[in-house]
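Step one of this worksheet: look at the structure below.
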Number of protein chains: 2
Amino acid sequence: MKKINSTDIDLGLEIALTVSAYRAAGQKTLKIHGLQDITREQIGILLILSLKDGLYQTQIANILGKDRPNITRMIDILETKGFIKREKDDSNRRILKVYLTSKGKEKVDFAKPLKERMSVAQYKGMSDEEILTLVSLLRKVRKNIEEEYDINL
Amino acid sequence: MKKINSTDIDLGLEIALTVSAYRAAGQKTLKIHGLQDITREQIGILLILSLKDGLYQTQIANILGKDRPNITRMIDILETKGFIKREKDDSNRRILKVYLTSKGKEKVDFAKPLKERMSVAQYKGMSDEEILTLVSLLRKVRKNIEEEYDINL
DNA sequence: TCTCAATTGTTACCATGATAACAATTGCTA
DNA sequence: TAGCAATTGTTATCATGGTAACAATTGAGA
């Protein structure tokens, strides 16, 4: 039983390392299943659209916590590859609504079980209560930082 | 009181959003304090070296969970800006040991209190036990993923 | 000793994270 | 209604995340 002192912990680093693990796992999964034509981040966009098609770019950016320039770039790539299409909205000509194509729907159907596997694996040996505790504490830390530094993501 | 179901949570997204908050807070802090000549990630390297000077690049990469190409690039930048210097090691001519310059030490001395402020702020309203629980659960998730996907960071 | 695999740092390449600045559009308000 | 601020998407720029491939070096084993 190792004893940890909370002041010895670099929580930011711990979280960054966890993100690295997710990324590595995601990329390995894509490679194993032959999904070389798309990235983990791009699939994130397709997954969002599979839940709610026709979101416009800023909405996608907000959901995923990314900037608009990033979304523009990724959507460019996804459109070039034929996974999504952009459509102008007559009621507000500033926005571009984004829709999955049939090719995009196929891709997301293929990818969903892979994500599901990770969802299950990450919680191995953890109770439902522990999971909720983890998320709750994580959100608290995030809220603390956002308030202290006046950040609105 | 909102009731959350663990299957409704996208933990990967939660963690990614938390990282975004850290990044935004860090960058905002750097800007406010006029540290426009360096980034949060670069300061991370300086901080590591302030704890243990003379590490070689792969060691730094392992500590920070980054790839060697990334470290090469960042060290290039830090060396160009005069914050660190590389030195060959005669006992092993493959490695390059990295040392803080006096300019680098100044920078890290300036940055340390800023990091300290974030360390305190992030835990606002949390008990020591909660902090340890959070880290413990976070590490468990990371370990689960690393084992399931055979990842060695 | 010779050979070959592993390690270290590098380069090249692509995708993402982030900021600043811009045009087009919308909407508030004086 | 005229003007101006806010919103949306885009472009350009720099830094980081990640992979593949490479040269130099090291080290272990035949």
Side-chain angles (χ1 to χ4, degrees), chain A residues 16-32 35-45 55-62 64-81 86-98 151-153, chain B residues 16-32 35-45 55-62 64-81 86-98 151-153:
Chain A
L17 292 175
T18 309
V19 169
S20 294
Y22 274 99
R23 255 199 294 256
Q27 276 152 358
K28 195 163 187 176
T29 300
L30 292 181
K31 187 171 184 180
I32 288 172
L35 293 172
Q36 318 278 15
D37 59 344
I38 199 164
T39 69
R40 180 172 167 270
E41 307 291 337
Q42 290 163 17
I43 287 178
I45 293 182
L55 292 169
Y56 64 90
Q57 299 188 189
T58 295
Q59 290 177 317
I60 296 171
N62 290 337
L64 296 176
K66 299 180 189 296
D67 317 290
R68 280 176 296 140
N70 276 318
I71 296 297
T72 292
R73 249 183 339 207
M74 285 193 278
I75 299 245
D76 281 346
I77 296 173
L78 288 170
E79 191 169 39
T80 299
K81 291 181 177 165
R86 281 187 254 228
E87 283 185 11
K88 284 189 187 144
D89 187 307
D90 286 332
S91 73
N92 184 346
R93 286 179 300 164
R94 284 175 304 190
I95 72 179
L96 290 173
K97 292 195 169 183
V98 184
I151 293 166
N152 42 350
L153 288 178
Chain B
L17 292 175
T18 309
V19 168
S20 294
Y22 274 98
R23 256 199 294 253
Q27 277 152 358
K28 195 162 186 175
T29 299
L30 293 181
K31 188 172 185 178
I32 288 173
L35 293 172
Q36 318 278 15
D37 58 344
I38 198 164
T39 68
R40 180 173 168 268
E41 308 291 336
Q42 290 163 15
I43 287 178
I45 292 182
L55 292 169
Y56 63 90
Q57 299 189 189
T58 296
Q59 290 177 317
I60 297 172
N62 290 337
L64 296 176
K66 299 180 191 296
D67 316 293
R68 281 176 294 140
N70 276 319
I71 296 297
T72 292
R73 249 181 339 204
M74 284 193 278
I75 299 244
D76 281 346
I77 296 172
L78 288 170
E79 192 169 39
T80 299
K81 291 182 177 165
R86 282 188 254 228
E87 284 186 10
K88 284 189 188 144
D89 187 307
D90 286 333
S91 73
N92 185 345
R93 288 179 299 165
R94 283 174 305 190
I95 72 179
L96 288 174
K97 292 195 168 183
V98 184
I151 293 166
N152 42 350
L153 288 177

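Just so we're on the same page: letters track the sequence lines, and every chain starts at 1.
Heavy atoms only, all atoms of each residue included: A:G65 and B:S20 are closest at O-OG, 3.9 Å. Nearest heavy atoms, A:I151 versus B:A21: CD1-O, 3.6 Å.
Remark: A:Y56 pairs with no residue by the side chain to side chain donor-acceptor pair (under 3.5 Å) rule, at least two apart or across chains. Applying the side chain to side chain contact (heavy atoms under 4.5 Å, CB included) criterion to B:L55, with sequence neighbours excluded, gives B:I48, B:L49, B:K52, B:Q59, B:I60, B:I63. Every residue two or more places apart in sequence or in another chain that forms a side chain to side chain contact (heavy atoms under 4.5 Å, CB included) with B:L30 is listed here: B:L35, B:R40, B:I43. With sequence neighbours excluded, the residues that form a salt bridge (Lys or Arg N to Asp or Glu O under 4.0 Å) with B:D37 are B:K107. Looking at residues two or more places apart in sequence or on another chain, you find a side chain to side chain donor-acceptor pair (under 3.5 Å) between A:N70 and A:D67, A:R73. Taking B:K97 as the reference, B:D89 meet the side chain to side chain donor-acceptor pair (under 3.5 Å) condition, with sequence neighbours excluded. Residues satisfying the side chain to side chain donor-acceptor pair (under 3.5 Å) test with A:D76, not counting sequence neighbours, are A:R86. Taking B:E41 as the reference, B:T39, B:K66, B:M74 meet the side chain to side chain contact (heavy atoms under 4.5 Å, CB included) condition, with sequence neighbours excluded.
The side chain of B:Q59 contributes no N or O atom lying less than 4.0 Å from OP1 or OP2 of C:dT8. For D:dT8, one of the phosphate oxygens OP1 or OP2 lies less than 4.0 angstrom from a side-chain nitrogen or oxygen of A:Y56.
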For nucleotides 1-4 of chain C, list the nitrogen or oxygen atoms of the protein found under 3.5 Å from its nitrogen or oxygen atoms, one pair per line.
none

Do any N or O atoms of the protein come closer than 3.5 Å to N or O atoms of nucleotides 24-26 of chain D, and which pairs are they?
residue, atom, partner, partner atom, Å
D:dT25, O2, B:R94, NH1, 3.4
D:dT26, OP1, B:R93, N, 2.8
D:dT26, OP2, B:R93, NH2, 2.9

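The NZ-C1' distance, from A:K88 to D:dT8, rounds to 13 Å in whole Å. Between the P atom of D:dT8 and the CD atom of A:E87 lies a distance of 19 Å, rounded to the nearest Å. Here C:dG9 presents its C1' atom at 16 Å from CG of B:L55, a figure rounded to the nearest Å. Taking atom CZ of residue A:R86 and atom C1' of nucleotide D:dT8, one finds them 12 Å apart after rounding to whole Å.
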query: side-chain contact (heavy atoms from CB on, under 4.5 Å) between B:I77 and B:I38: does it pass, once the steps are laid out?
result: CA-CA 9 Å; B:I77 296 172; B:I38 198 164; over 6 Å; no

task: Go along nucleotides 11-21 of chain C 5' to 3' and tag each nucleotide: B for a protein heavy atom under 4.0 Å from its base, S when only backbone or sugar atoms are that close, - otherwise.
output: B-B-SBBBBB-

